[in-house]
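Note: hydrogens, waters and symmetry copies are ignored here, and every other heavy atom, side chains too, is used. In what follows, chains carry the letters A, B, and so on, assigned in the order in which the sequence lines appear, proteins first and then strands, with residues in each chain numbered from 1.
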2 protein chains.
Amino acid sequence: MIDETHPAAADLRLPKVLAALADPARLLAVRALDRVGESPCTRLQQAAGLTISRSTFSHHQRVLREAGVIQVRVRGSQRILSLRRDDLDACFPGLLDAVLDTAPGLIET
Amino acid sequence: MIDETHPAAADLRLPKVLAALADPARLLAVRALDRVGESPCTRLQQAAGLTISRSTFSHHQRVLREAGVIQVRVRGSQRILSLRRDDLDACFPGLLDAVLDTAPGLIET
DNA sequence: CGAACTGTACGATAGCCTTCGAAATGAGGG
DNA sequence: CCCTCATTTCGAAGGCTATCGTACAGTTCG
């Protein structure tokens, strides 16, 4: 466990992870995070093309973090977000890859 | 497309599929359906160990169907449910397998 | 110090989701 | 034709979720 705000790898649960990934904004954020690598919030939001308010993005970031999908590390005034790829692969083999490899056209309506 | 109540394979969308699978009751139902093979509603509900009302199960069945996860075929007075394995594998390779292969302990709280 | 920047916390709103029971629908059997 | 079995539909209750704006807190920089 990284700290109290992150679940331990052993505490990850499939319904929670799926729920976190089921929102289009969060799904785009996760896929952008995979493409650009670890990024601070604002940069990830831009990379994902999300035109939502900062507070809404912060909410999504929290949902992803509490589900165990991403990890947050503080660097100065910024929070650096990264995928918890190893933990996800260990708990749900193939799941993250399946989500990341899905054709972009199958994401949005 | 099977009929108007089922989405065509080309219309499946990842967020909707993930949302359908994110509910514990639906996730258990899908995993039970994989184990026991196509089944009528009542039998699947028992196989999944779901102690919910018939109307609630019917609601979940509808969500799974409208997301394209399952297929419903009428046989007499019964509805036979089955997984849309081929369509899911074609659209989201590896996703269904990842969900089905997850350890049972990682499903519930 | 004070201004600018990054992000969180709070409170509100609106919509959606799960759940139920009761009533309705439809098939099959006497 | 009625009764039973399988399932859906309806309407309602309660809770959860996404979204926003504003206010706040910590960092960096002049």
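- Residues A/A98 and B/P93 share a closest heavy-atom pair of CB-O, 3.4 Å.
- Within residues 54-65 of chain B, the residues having any heavy atom closer than 4.0 Å to DNA chain D are, in order of number, B/R54, B/S55, B/S58, B/Q61, B/R62.
- A 4.5 Å side-chain heavy-atom check between B/L100 and B/R31 finds at least one atom pair inside the cut-off.
- The two residues B/L12 and B/A67 have their closest heavy-atom pair at CD2-O, 3.7 Å.
- Taking every heavy atom of residues 23-44 of chain B and every atom of DNA chain D, pairs under 4.0 Å involve B/P40, B/C41, B/T42, by number.
- Closest of all the heavy-atom pairs between B/R85 and B/D97 is NH1-OD1, 4.0 Å.
- Closest non-hydrogen pair, B/A32 versus B/L44, comes out as CB-CD1, 3.8 Å.
- Closest approach of A/A48 to A/L28, counting heavy atoms only: CB-O, 3.8 Å.
- Within the 4.5 Å cutoff, side-chain heavy atoms of B/L95 are placed close to those of B/L18.
- The backbone N or O of B/S82 sits nowhere less than 3.5 Å from a side-chain atom of B/Q71 that would complete a donor-acceptor pair.
- Near DNA chain C, meaning a heavy atom under 4.0 Å from it, residues 73-81 of chain A has A/S77, A/Q78, A/R79 in order of number.
- In this structure, A/D3 atom CG and C/dT8 atom P are separated by 13 Å, rounded to whole Å.
- In this structure, the CG atom of A/L50 is 15 Å from the C1' atom of D/dC20, given to the nearest Å.
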* To do: Show your working on side chain to side chain contact (heavy atoms under 4.5 Å, CB included) between B/R13 and A/T109 and close with a plain yes or no.
  => CA-CA 7 Å; B/R13 291 295 178 270; A/T109 317; 5.6 Å; no
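- Heavy-atom minimum distance, A/A47 versus A/V36: CB-CG1, 4.0 Å.
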